[in-house]
Peer 1: 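Quick one: this structure, given as structure tokens, is what I'll be asking you about.
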2 protein chains.
Amino acid sequence: MVDRLDRKILQILQEDATIPVAEIGRRIGLSTTPCWRRIQKLEEEGVITGRVALLDPKKINTRVTAFVAITTNQHNDEWLRRFAEVIREMPEVAEFYRMAGQVDYLLRVVVPDIEAYDAFYKRLIAKIDISDVSTTFAMEQIKYTTMLPLNYIALDKEKAPA
Amino acid sequence: MVDRLDRKILQILQEDATIPVAEIGRRIGLSTTPCWRRIQKLEEEGVITGRVALLDPKKINTRVTAFVAITTNQHNDEWLRRFAEVIREMPEVAEFYRMAGQVDYLLRVVVPDIEAYDAFYKRLIAKIDISDVSTTFAMEQIKYTTMLPLNYIALDKEKAPA
DNA sequence: GCTGAAACCTGGCTTTA
DNA sequence: TAAAGCCAGGTTTCAGC
């Protein structure tokens with residue numbers, strides 16, 4: 001599926017998607033067209049899911065990140081479906097996981113300040129029945145990246161070099 | 001700084017950065033050039049920090065997300081500086097927060113499976129002195145977005161419409 | 001906000017291993 | 001025959017006005 005050259009392309013694109021195809025080709029030792037075709041293929045196959053602009057949270061007035069650990073006694077599919085729907089429509093929720101272990105779900109929520117979190121929290125519990133919620137706040141975001149590690153990809157078989 | 005039109009631009013670009021400037025202009029009721037100039041300004045001001053390609057974690061063989069809560073007794077700047085440096089160089093760590101409350105730091109780590117997490121964990125504790133680590137695994141990523149909520153932006157004053 | 005030049009993307013066709 | 005390279009036409013970006 002993905003070979004060494006594809007991986008190099010992905011590495012470049014998930015770091016900076018503004019780099020022209022010709023330049024990417026140059027960096028990996030390929031001319032424009034084959035490089036472009038590889039990118040097309042990676043998009044068709046769904047390896048690349050999209051290209052987005054990233055914003056500075058401070059400039060957007062969302063300085064506070066809260067992690068919300070949720071426990072529930074509702075363990076049926078219908079409840080989860082509804083819960084997921086509610087969460088999907090709340091733009092403050094950046095991430096939402098179903099967890100193993102003590103807590104059932106984990107949210108990462110971005111808001112301007114603690115007051116705004118409180119307002120968010122009230123809106124959340126008004127919309128859905130939750131047994132127990134425990135929130136912890138982040139003081140500082142030391143690292144945040146959308147880049148995934150590419151060293152675990154199962155590489156396509158290639159001809160061995162001479 | 002940012003007005004209503006800028007906000008619309010940001011909304012579009014953080015959803016899909018492949019849309020041509022002319023099309024963005026059309027959607028917000030602006031011709032190409034002024035729209036382009038606004039985007040330039042948003043980039044210069046650092047509101048837009050970059051454009052990146054997003055990848056499908058499954059296709060990249062990183063199916064497992066682990067949250068790692070770290071407690072330490074080292075509370076000096078030098079230790080944190082070194083810790084941050086170590087983390088920055090580990091591509092499996094997507095996010096890294098300094099927390100308020102019981103746990104000192106929180107990591108979001110992406111790896112192929114539990115075995116790979118174990119290997120990561122050993123590499124981590126070999127590199128840095130940590131008192132206590134508690135890991136919880138996500139079973140499912142129900143929502144993940146890089147989009148920030150734009151409804152909290154302090155909008156620039158505008159002329160009232162006639 | 002318009003216009004035009006330069007850069008870039010995109011697909012058909014040719015070449016190479 | 002599968003993948004790389006060449007080249008031309010159309011689109012997009014971006015600076016002057």
Side-chain angles (χ1 to χ4, degrees), chain A residues 1-56 59 146-147 150 153-162, chain B residues 1-56 59-61 146-147 150 155-162:
Chain A
M1 297 275 192
V2 174
D3 68 7
R4 226 163 283 262
L5 284 177
D6 289 332
R7 191 167 66 175
K8 283 185 188 174
I9 292 172
L10 294 173
Q11 188 61 42
I12 294 168
L13 282 179
Q14 73 170 341
E15 194 160 348
D16 182 359
T18 68
I19 298 170
V21 180
E23 168 64 15
I24 297 172
R26 204 192 54 70
R27 290 195 198 173
I28 68 173
L30 218 57
S31 69
T32 309
T33 312
C35 184
W36 177 76
R37 268 197 268 261
R38 280 166 179 270
I39 295 169
Q40 287 298 103
K41 189 154 156 283
L42 290 166
E43 274 167 359
E44 276 164 27
E45 286 171 346
V47 181
I48 296 172
T49 57
R51 293 144 189 262
V52 300
L54 300 180
L55 311 184
D56 181 343
K59 301 271 164 76
T146 58
M147 293 175 68
L150 299 181
I153 301 178
L155 285 183
D156 203 19
K157 306 283 171 280
E158 293 169 71
K159 305 119 197 164
Chain B
M1 297 275 195
V2 174
D3 68 7
R4 226 164 283 261
L5 284 177
D6 289 331
R7 191 166 68 176
K8 283 186 186 173
I9 291 172
L10 294 173
Q11 187 61 43
I12 293 167
L13 284 179
Q14 73 170 339
E15 194 160 349
D16 182 359
T18 67
I19 299 169
V21 180
E23 169 63 16
I24 297 171
R26 205 192 53 72
R27 290 195 198 173
I28 67 173
L30 218 58
S31 70
T32 309
T33 311
C35 184
W36 178 77
R37 267 198 264 262
R38 278 167 180 270
I39 295 170
Q40 286 299 104
K41 190 154 155 285
L42 289 166
E43 273 168 359
E44 278 164 25
E45 286 172 346
V47 180
I48 297 172
T49 57
R51 291 144 190 264
V52 300
L54 300 180
L55 310 184
D56 181 343
K59 302 270 165 78
I60 283 330
N61 194 26
T146 57
M147 294 176 67
L150 299 181
L155 286 182
D156 203 21
K157 307 282 172 284
E158 295 168 70
K159 306 118 195 164

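Every chain is numbered from 1, with letters handed out A, B, ... down the list of sequences. Nothing here was measured: the structure is a model prediction, and the numbers come from that model.
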Peer 1: Any side-chain heavy-atom pair from B:T146 and B:Q14 closer than 4.5 angstrom?
Peer 2: no

Peer 1: Given D:dC6, C:dC2, D:dA4, which nucleotide is nearest the side-chain atoms of A:T33?
Peer 2: D:dC6

Peer 1: Let me know the distance between CD of B:E44 and C1' of D:dA15, rounded to the nearest Å.
Peer 2: 14 Å

Peer 1: Please say which of B:L42, B:I9, B:I39 ends up in a side chain to side chain contact (heavy atoms under 4.5 Å, CB included) with B:V47.
Peer 2: B:L42

Peer 1: Between atom CG in A:D3 and atom C1' in D:dA2, what is the gap in whole Å?
Peer 2: 13 Å

Peer 1: Report the nucleotide, chosen from C:dT10, C:dG1, D:dG5, that has the shortest atom-to-atom distance to any side-chain atom of A:W36.
Peer 2: C:dT10

Peer 1: Take the protein atom CD1 of B:I24 and the nucleotide atom C1' of D:dT12, then report the distance between them rounded to whole Å.
Peer 2: 12 Å

Peer 1: Side chain of A:P20 only, please: which of C:dC9, C:dC2, D:dG5 is the nearest?
Peer 2: C:dC9

Peer 1: Using atom CD1 of B:I19 as one end and atom C1' of D:dT13 as the other, report the distance to the nearest whole Å.
Peer 2: 16 Å

Peer 1: Could you go through the side chain to side chain contact (heavy atoms under 4.5 Å, CB included) check for B:R27 and B:I12 one step at a time?
Peer 2: CA-CA 9 Å; B:R27 290 195 198 173; B:I12 293 167; 4.2 Å; yes

Peer 1: Write down the distance between CG (A:L5) and P (D:dA2), rounded to a whole number of angstrom.
Peer 2: 18 Å

Peer 1: Could you check whether the side chain of A:R37 and the base of C:dG11 have a donor-acceptor pair of N or O atoms closer than 3.5 Å, going by distance alone?
Peer 2: no

Peer 1: When the distance from CD of B:Q40 to P of D:dT12 is rounded to whole Å, what number comes out?
Peer 2: 17 Å

Peer 1: More 5' along DNA chain C: B:T32 or A:T18, using each one's nearest nucleotide?
Peer 2: B:T32

Peer 1: Can you name the nearest heavy-atom pair linking A:D6 to A:M1, along with the distance?
Peer 2: OD2-O, 3.7 Å

Peer 1: Return the value, rounded to whole Å, for the distance between atom CZ of A:R38 and atom P of C:dT10.
Peer 2: 18 Å

Peer 1: What's the CD1-C1' distance between A:I39 and C:dT10, to the nearest Å?
Peer 2: 12 Å

